[in-house]
Amino acid sequence: MNNSVIIKTKDLVKVYPMGQHDLVALDHVNLVFQKGEFAGVVGPSGSGKTTLLNIIGSLDTPSDGSAVVLDRNVETLSNKEAAKLRNQHIGFIFQTFNLFPVYSVFENVEFPLLLQRMSSAARKKAVYDSLEWVHLADRAKSKPAQLSGGQSQRVAIARAIVKKPEVVLADEPTANLDAENSHHIMKTMVQLNEELGTTFVFSTHDEKVMRYLRRKISLIDGKVAKDEVISKKRGKST
Amino acid sequence: MIIPKLAFQNILGAGLRTWLNVIVLSFAYVAIIALNGIYGGMQEQAVQAQIEVEYGGGQFWQGQYDPYDPFSFQDAHGALPPQLQNWIEEGNATPVLIRQATIYPNGRLRTILLKGINPDQTVLNIPSHFLADEKDVTPALIGSRMAKSTGLELGDYVTVRWRDKNGTFDAQDVEIVQIMNTSVQTVDNNQIWVPLNDLQTMTQMEGEATIVVVDRNFQNREPIEGWTFQSLDVLLKDLMDMVKSKTIGGSIIYIVLLMLAILAIFDTQVLSIFKRRKEMGTLMALGMTRVKVIELFTVEGAVHGVLAVLVAVIYGTPLLVYLATQGFPLPASTDSYGFAIGEKLFPIYSAQLIFGTIILVMTVTTIVSYLPTRKISKLKPTDALKGKLT
């Protein structure tokens, strides 16, 4: 794989058995993502966006074809190897934030680093650096229940980037946010993409998000309908 | 150490539900230790009393003697061999002559055991010195149970009839010179203690005895022809069996308590796994393996056991220490237990009991916590993130 290619899918197929019929979620998807991309997978509900992100994120395996992420074939990874890949190289941002309610903001962001067995001092520095990025260092001791939706998603972003992953996969990150918060979140991610060089891949059908994308991949019925490069620059800060 | 740390955080974060489980489980800890402590104390007190008052350090039985066969009593007597005689003279043993007899208290007939003992013996903790008074009438010592059941009082005379060595009936009056309070029923019920010399004369069995009780500090147990040594293990077997049967009955209480606690934890675990599927998915997405997720949820359940120990220590320690030092009075009905306890029972809590209980409850809690988590092993991260159980 080319050094700058970070994700490559080849004839990726995902089929879900639904009673007597099969539901084809991904139908021979061929995509290549370069390092530092800020790309979005767009399409209506059921088009296969989340399935694609799940396979790229090694949370799921393809029914056929292959997905190579950071030189690892997702379909051949063991549970342990997949967990290691996710823990060390991939950050996730979810539509519903998925923060741990009993942990503080600091502990939520710290969690991936605990799994990496990083030292306490290094963890603390990394967590605060990450919280500084999302302008929430002053809320480190708060519990998720004390945060607004926008703040919660910023904590989720901090958690995703705290380990400095090569790839961040964001599944509908603004779906539960109002317009203003959506813009703040996207601006934060654009900034992270530009300054850290982290590759961002979104799934979205939110027009507000699409405005920030450098590359837009349209999925319809599990097939790539359109793959367009919008801007050569990293992200879009306007 | 990440798993225990996370488990503690999660379980403490669960709030009231955790504390309810912990409190119920702590009851189980305290109940198990308290009840076993009571039975331990009961056994210890019973054994001590039995040793002090009846068994000493063991007994030599004359060859014919079988306490379970009353027909053996007639022939169960023999001359004391020189070896036993030496030990008796050195104060390391005391002979007891046991004969069947009949008394006629207040016009009624009652079959009893007539036991002869040296008034100046110190091997058994029986107030035999009351039998040393030189009187025209044979002095007799009875227990309070015997006094109550026969209506005999201090200073009363009662007619005793027995068979002598040759099987000839004879009778005379004895005077009740002391009524002893003893927790050991087997030296009290249906028994009259008289001076050994008097009984030997009455039965024409001079120099003879049925059993010889060895002092508990005397270690010599060499075999003696015609006499069988009965160790404390043999003598106390019935008592141990009786205490064991009481213990089994009593354990039902804490088994029920433990089951309640375990059920609550099992329920909590099942609920947790149902309610926290999304959290499991997130844990996996962040890089935790399924095995680690199972470990985390199992340890969370087991943490209940750890917290319960802490809670049990807080309220259980003063309670158990108070019971152990102050004891508690026993109702008269405990006399029907069939073994000596005394008027107050002092529980005994051994380190083995305490740590054994902790290990037992922790093990059961961990197993019960693990069982529902097995579902996680089949859980797909994508389904978990959607809140589905595979």
Side-chain angles (χ1 to χ4, degrees), chain A residues 14 16 25 50-55 57-61 77-104 106-118 120 123 143-145 156 159-160 162-163 165 168-171, chain B residues 1-19 21 268 271-273 275-297 299-301 303-304 307 373-388 390:
Chain A
K14 182 68 185 178
Y16 293 108
T50 301
T51 303
L52 178 63
L53 257 59
N54 284 341
I55 292 174
S58 74
L59 289 169
D60 206 351
T61 50
L77 293 177
S78 66
N79 280 332
K80 202 173 174 181
E81 289 166 336
K84 192 176 174 187
L85 173 67
R86 290 195 293 270
N87 180 234
Q88 295 185 343
H89 304 288
I90 302 172
F92 286 92
I93 299 169
F94 302 99
Q95 179 181 339
T96 49
F97 325 134
N98 290 26
L99 300 178
F100 301 121
V102 299
Y103 299 168
S104 66
F106 181 93
E107 288 161 344
N108 265 284
V109 178
E110 186 191 29
F111 189 84
L113 305 181
L114 283 172
L115 297 179
Q116 291 183 359
R117 300 177 188 281
M118 192 182 274
S120 173
R123 282 202 313 265
K143 288 283 167 74
R159 184 175 66 182
V162 70
K163 58 195 177 190
V168 170
L169 302 172
D171 188 10
Chain B
M1 287 302 288
I2 176 183
I3 296 288
K5 185 189 166 195
L6 295 175
F8 262 102
Q9 271 181 300
N10 288 344
I11 212 77
L12 292 175
L16 187 63
R17 195 176 65 229
T18 295
W19 292 110
N21 289 340
T268 302
L271 194 68
S272 267
I273 287 157
K275 274 180 71 178
R276 292 166 62 193
R277 285 159 298 177
K278 206 169 188 176
E279 186 182 324
M280 289 176 202
T282 309
L283 288 169
M284 290 187 218
L286 295 179
M288 201 177 243
T289 59
R290 277 196 196 99
V291 173
K292 286 282 173 196
V293 176
I294 290 173
E295 201 180 318
L296 174 64
F297 276 74
V299 174
E300 274 185 30
V303 163
H304 285 103
L307 293 175
T373 64
R374 288 176 305 167
K375 261 186 180 299
I376 300 172
S377 64
K378 292 174 190 160
L379 189 64
K380 283 164 116 181
T382 46
D383 286 340
L385 283 166
K386 285 180 207 158
K388 285 201 292 188
T390 311

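A, B, ... follow the sequence lines: proteins, then strands. Residue 1 opens every chain.
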So Phe100(A) and Leu283(B), side chain to side chain contact (heavy atoms under 4.5 Å, CB included) or not? Walk me through it. CA-CA 9 Å; Phe100(A) 301 121; Leu283(B) 288 169; 3.5 Å; yes
Audit row: Lys278(B), Thr96(A), side chain to side chain contact (heavy atoms under 4.5 Å, CB included) steps and yes/no: CA-CA 10 Å; Lys278(B) 206 169 188 176; Thr96(A) 49; 3.0 Å; yes
CA sep, side-chain torsions, deciding dist, call: Val291(B), Lys80(A), side chain to side chain contact (heavy atoms under 4.5 Å, CB included): CA-CA 9 Å; Val291(B) 173; Lys80(A) 202 173 174 181; over 6 Å; no
Test log, rule side chain to side chain contact (heavy atoms under 4.5 Å, CB included), inputs Thr289(B) and Lys84(A): CA-CA 8 Å; Thr289(B) 59; Lys84(A) 192 176 174 187; over 6 Å; no
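Under a 3.5 Å cut-off, the side chain of Arg290(B) and the backbone N or O of Asn79(A) do not form any donor-acceptor pair.
Side-chain atoms of Glu279(B) and Asn98(A), non-hydrogen and from C-beta on, never get closer than 4.5 Å to each other.
The OG1 atom of Thr382(B) lies 7.0 Å from the CG atom of Leu59(A); values are rounded to the nearest 0.5 Å. Atoms NZ and CG, from Lys380(B) and Asn54(A) in turn, are 10.5 Å apart once rounded to the nearest 0.5 Å. Rounding to the nearest 0.5 angstrom, the gap separating the OG1 atom in Thr282(B) from the CZ atom in Phe97(A) is 12.5 Å.
Taking the salt bridge (Lys or Arg N to Asp or Glu O under 4.0 Å) definition, one finds that Lys292(B) meets it with Glu295(B), sequence neighbours left out.
Both the backbone and the side chain of Leu6(B) come within contact range of chain A, with heavy atoms under 4.5 Å apart. Lys143(A) does not touch chain B: none of its heavy atoms, backbone or side chain, sits under 4.5 Å away. Contacts between Gln88(A) and chain B at a heavy-atom distance below 4.5 Å are absent for every atom of the residue.
Contact detail for Arg86(A) and Met284(B): the closest heavy-atom pair is NE-O, 2.7 Å. The two residues Pro112(A) and Leu286(B) have their closest heavy-atom pair at CG-CD2, 4.4 Å.
The most heavy-atom pairs under 4.5 Å with chain A, out of Gly13(B), Pro381(B), Ala285(B), Gly281(B), come from Ala285(B).
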